[in-house]
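One structure is given below, encoded as structure tokens.
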Amino acid sequence: MGYGSGELIIRSYNAQNDRVRVEGLESICEVGPADKAFLFTDTLGDPICRIKNSPISNMLVAELGGQLVGVIQGTIKLVTLHKPPKNVAKVGYILGLRVAPAYRRQGIGSRLVTKLEEWFVACDVDYTYMATEKDNDASYKLFVNKLGYVKFRTPAILVNPVNHHRSSQISSNFKLTKLKIEEAESLYRKYLSSTEFFPIDIGNILRNKLSLGTWVAYPKGETWGKVPTSWAMLSVWNSGELFKLRLGNVPISCFMYTQISQLIQKFLPCFKLPSIPDFFNPFGFYFIYGVYGEGPLYGKLVKSLCNFVHNMASSKSKDCKVIVTEIGGNDTRSKLHIPHRKSMSCSEDLWCIKSLKNEDRKSVHKLTTMPPTRALFVDPREV
């Protein structure tokens with residue numbers, strides 16, 4: 001394809017030569033549909049920050065006429081995936097696809113994806129998948145209509161703003177305990193190792209410095225040594241240490257409402273009005289992952305754990321403005337009890353998948369038509 005400015009060159013990222021240019025590209029590329037409020041990403045001087053903690057990763061850049069016009073990132077790992085004759089698959093995850101606004105609709109995005117898929121094939125990857133918003137038409141048309149991906153799962157993304165002026169209530173009827181890493185790993189392998197996309201290297205995730213810990217909650221009067229009648233667990237990842245987010249394309253009325261609500265909260269706290277965080281300046285966030293539990297009190301227990309995480313974010317991190325959780329689309333009991341702001345959340349994220357091996361292409365149909373497991377483990381390294 002001719003691009004008017006010369007030959008399109010796609011190659012591996014070189015930190016010394018490309019870092020500043022990639023940061024510049026990130027600063028002008030929105031995340032999400034451009035016709036709505038969208039996010040900008042600040043990688044804090046490290047463009048590969050979102051993939052550096054994955055087992056295997058790669059970043060490609062596209063150059064045209066000496067200009068850096070596009071980037072894409074990919075990771076590889078082993079996960080559980082219910083497909084005969086084996087339940088473990090090597091999967092490649094695509095993220096961070098960016099094309100400079102002036103160079104869009106010229107096929108650069110599809111060329112970047114195709115080149116990354118070639119790297120996946122060379123690494124013997126079984127499947128590649130990606131996530132996008134369900135109403136991101138440009139992304140959907142590229143991956144599904146043009147590149148042969150198919151709809152796989154629709155998780156829910158729950159977002160809860162952090163109020164630095166008020167603590168969330170934790171029931172005095174429950175006990176919260178922080179687990180040792182070995183205990184957390186054993187618990188996840190016991191209860192979640194048969195769920196979709198459970199990472200085989202869960203121990204590496206829990207031992208990462210960005211993982212703030214794993215907590216369990218159970219009724220007071222019972223002991224953790226014996227399995228309680230009801231219990232819940234979750235882990236917390238500090239994504240704000242890797243990169244920051246900033247809101248853009250927001251109506252001035254929304255901006256003014258945010259400023260006013262913060263002033264009221266600061267000077268007239270007796271009104272007890274919810275304060276809207278300042279999303280117009282770079283902010284960090286905590287990501288809750290590995291949400292699971294059992295028993296009739298599960299909902300109340302997981303709510304207490306989430307409130308605990310909110311209070312931890314409020315007291316320990318000045319720039320943490322939101323807490324994000326991603327759960328399976330049919331995990332209604334968790335969605336009902338995990339605190340979140342409906343207007344800020346996404347009821348249907350869209351995961352699309354594609355087989356990279358001829359012998360597995362028939363199994364993609366089975367994967368996409370099988371009922372999803374209730375629990376869905378979302379790897380925090382890929383957020």
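Count residues from 1 along the sequence.
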Fill in: Listed partners of Tyr140 passing ring-ring contact (aromatic ring centres under 6.0 Å, His included), at least two apart
none
Worksheet entry | Minimum heavy-atom distance Ala217-Leu305, with the two atoms named | CB-CG, 3.7 Å
Response to the item:
Applying ring-ring contact (aromatic ring centres under 6.0 Å, His included) to Phe174 and not counting sequence neighbours gives none
Worksheet, complete the sentence: Shortest non-hydrogen pair, Ser110 vs Gly107, comes out as OG-O, 2.9 Å
Worksheet, complete the sentence: Sequence neighbours excluded, the answer for ring-ring contact (aromatic ring centres under 6.0 Å, His included) partners of Trp224 is Tyr218, Trp231
Fill in: Contacts of His310 that satisfy side chain to side chain donor-acceptor pair (under 3.5 Å) - sequence neighbours left out
Ser168
Worksheet, complete the sentence: All heavy atoms of Arg341 vs all of Pro161, minimum pair found to be NH2-CG, 3.2 Å
Item to complete: Could you list the residues that satisfy side chain to side chain donor-acceptor pair (under 3.5 Å) with Thr75, not counting sequence neighbours?
Response: Glu382
Fill in: Contact summary for Glu196 and Leu376, nearest pair of heavy atoms
O-CD1, 3.8 Å
Worksheet item: Less than 6.0 Å separating the ring centroids of Tyr149 and Tyr127?
Response: no
Worksheet item: Looking only at heavy atoms, which two atoms of Thr214 and Met233 are closest? And how far apart?
Response: CG2-CE, 4.0 Å
Quick one: side chains of residues 179-187, donor-acceptor pairs under 3.5 Å with protein atoms, not counting sequence neighbours, listed by atom name and distance.
residue : atom : partner : partner atom : Å
Glu183  : OE1  : Lys180  : N            : 2.9
Glu185  : OE1  : Arg207  : NH1          : 3.1
Glu185  : OE1  : Arg207  : NH2          : 3.4
Glu185  : OE2  : Arg189  : NE           : 3.2
Glu185  : OE2  : Arg189  : NH2          : 3.2

Worksheet, complete the sentence: Sequence neighbours excluded, the answer for side chain to side chain donor-acceptor pair (under 3.5 Å) partners of Tyr188 is Ser235
Practice prompt. Taking side chain to side chain donor-acceptor pair (under 3.5 Å) as the test, write out the residues that go with Ser27, two or more places apart.
Written response: none
Fill in: Pair listing, salt bridge (Lys or Arg N to Asp or Glu O under 4.0 Å) test, anchored in residues 62-71, at least two apart
Arg11-Glu63, Arg21-Glu63
Practice prompt. Please say which of Arg19, Arg98, Arg246, Arg50 ends up in a salt bridge (charged side-chain N to carboxylate O under 4.0 Å, His left out) with Glu26.
Written response: Arg98
Worksheet, complete the sentence: Quick note, salt bridge (Lys or Arg N to Asp or Glu O under 4.0 Å) partners involving residues 302-320, not counting sequence neighbours, are Lys244-Asp319
Worksheet item: Who are the salt bridge (Lys or Arg N to Asp or Glu O under 4.0 Å) partners of Lys115, not counting sequence neighbours?
Response: Glu118
Worksheet item: Can you name the ring-ring contact (aromatic ring centres under 6.0 Å, His included) partners of Tyr93, sequence neighbours left out?
Response: Tyr129
Worksheet item: Which heavy atom in Ala232 sits nearest to a heavy atom in Leu301, and how many Å separate them?
Response: CB-CB, 3.8 Å
